[in-house]
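Only this structure's heavy atoms are used, side chains among them; waters, hydrogens and symmetry mates stay out. Not measured: the values here are computed from a predicted model. Protein chains get the first letters and strands the later ones, always in sequence-line order, with residue 1 at the start of each.
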Protein chains: 2
Amino acid sequence: MGKLTAQAIAERALEIGDAEGLDAVTIRRLATDLGVTPMALYWHYKNKELLLLGMADHLIGGFAPRPADERPWQAQLRDLTEGLIRTLRAHPCAKNVLEQIDPVAAPNFLQVWDRALALARSAGFSVEESCLLTKYLLQSAIAIADAPVHFTAGKSSEEIEQLARAKRFGLQSLSAERYPHLVEMAEPMAGGVDPAMYDTFGVDLVLGGIEALAARR
Amino acid sequence: MGKLTAQAIAERALEIGDAEGLDAVTIRRLATDLGVTPMALYWHYKNKELLLLGMADHLIGGFAPRPADERPWQAQLRDLTEGLIRTLRAHPCAKNVLEQIDPVAAPNFLQVWDRALALARSAGFSVEESCLLTKYLLQSAIAIADAPVHFTAGKSSEEIEQLARAKRFGLQSLSAERYPHLVEMAEPMAGGVDPAMYDTFGVDLVLGGIEALAARR
DNA sequence: ACCTGAACACCGTTCAAGT
DNA sequence: ACCTGAACACCGTTCAAGT
């Protein structure tokens, strides 16, 4: 039915990756799912690397940063970061996908990066500083989006509890002499953290660092 | 001859990964390099996942965080971060390896994490906050260590210039309307950043964020 | 305890061929 | 332009067997 198109392939690949992990996204598996021969995919993507890139670009395509306005750069940068996090959060495999591609080859990623660069420059950072700072910001956003919040997505609360229990047990069975603080914190470590708290704390941390540095020049 | 031991396998695997990328680290390739049958490796590592874990642990094993002292937590946390970065910097494939393992299964990683947790707690952060904060700190250290500084390692200066030129060209050939700031910053983006500046700036950013948050409570 | 040999079920990719 | 079929060179891993 739905025609076989580069876009449709990327979408199906993301579905598989989100549901079963990126390792399950295989040319052959993907082709089977799409009711087509593996070689058919090679017409739309020259190789797997480009397929990954298509997945990444489609992923970030769900996020259109709002254009510059008159608010202070801090607020705009925070908006950008939170928006990106929300978008990535929708795809459990987002971090995995983004790790495997060259970001410079993904147009939609470049769009976000360019916005971040503009804001960094307007904050008074030098060209070099803005480069590092934006790399760092985007990287952090990806890390924050990949929080252990995923589990709450498609799974039943029993499954969540199951996973948390397993993780807690693993941490508690560690040597309490070697890792006293880890053992002590088994409870929150196991994933019992409020998602909203996680995000605001993470964004505060990143933005706080940037603002502190900006204030020093 | 060097006996075939789990340690020797992990070391050789790291050498391959550093020199040719983690994708080149294959059970069969590794076995050939070690002059042994692929199946021989399965005696020392039950599967590839555990081999990766062995690589990661051996990697971080090169870094022994100094014990707690009487200095303020900021200085100690900075020391820890810089030490970790230096260690990871020695292995170009470090980030790749660490991305593919469950950190909780790597004893040496847990050691560093525990130290970070202790410092976060002593800074006045709550248990939950310390969890998030340390996750974030370690993740950032890994990202900073993976800076585009690697290229200076084993390669000739001509090769470096070659790579930088290629990247610069790629950036400059982007649509200047769509990504004005990226094009404008092609030069530093292409990797022409002072490594020392990169590191101190990165650490300042991360530590600055943490200190700013600590000061607010 | 430590390693080999043969085999299995999978990969990504090429290349010629079909419509 | 878009897709198929057959083939190639690789994977990780199991299992029985050797010393």
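In DNA chain D, stems built from 3 or more consecutive Watson-Crick or G-U wobble pairs, each with both distances under 3.5 Å, span C:4-8 with D:12-16, C:12-16 with D:4-8.
With a 6.0 Å radius and a threshold of 12 heavy atoms from other residues, nucleotides or ligands, D23(B) has its CG atom at or below the threshold. Counting non-hydrogen atoms of neighbouring residues, nucleotides and ligands closer than 6.0 angstrom, the CD atom of E20(A) exceeds 12 such neighbours. When the shell of 6.0 Å around CZ of R178(B) is examined, it contains 12 or fewer heavy atoms from other residues, nucleotides or ligands.
At distances below 3.5 Å, not a single donor-acceptor pair connects side-chain atoms of R66(B) with backbone N or O atoms of Q76(B). Here the side chain of T5(B) pairs no donor or acceptor atom with the backbone of A8(B) at under 3.5 angstrom. Using modelled atom types, no side-chain atom of D114(A) and backbone atom of L117(A) make a donor-acceptor pair closer than 3.5 Å. Between the side chain of Y198(B) and the backbone N or O of L132(A), no donor-acceptor pair lies under 3.5 Å.
Rounded to an integer number of Å, the gap from N47(B) CG to dG12(D) P is 11 Å. Taking atom CD of E49(A) as the reference point, atom C1' of dC11(C) lies 17 Å away to the nearest angstrom. The separation between L50(A) atom CG and dG12(C) atom P is 14 Å, rounded to whole Å. Atoms CG (L41(A)) and P (dC11(C)) sit 13 Å apart, rounded to a whole Å. Atom pair Y42(A):OH and dG12(C):P shows a separation of 6 Å (rounding to whole Å applied). The nearest whole Å value for the distance from the CG atom in D23(B) to the C1' atom in dG12(D) is 14 Å. One can place NZ of K48(A) at 9 Å from P of dC11(C), the figure rounded to the nearest angstrom.
For T26(A), a side-chain nitrogen or oxygen approaches OP1 or OP2 of dG12(C) to under 4.0 Å.
Rounded to the nearest 0.5 Å, atoms CG (D204(A)) and CZ (R78(A)) are 4.5 Å apart.
Take the nearest nucleotide of DNA chain C for A24(A) and for K46(A): the residue whose nucleotide is more 5' is A24(A).
The side chain to side chain contact (heavy atoms under 4.5 Å, CB included) test with I60(B) singles out one residue from V97(B), L98(B), T87(B), and that residue is L98(B).
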Nucleotide N/O of nucleotides 2-9 of chain C paired with protein N/O under 3.5 Å:
unit_1, atom_1, unit_2, atom_2, d
dC3(C), OP2, H44(B), NE2, 2.7
dT4(C), OP2, T37(B), N, 2.9

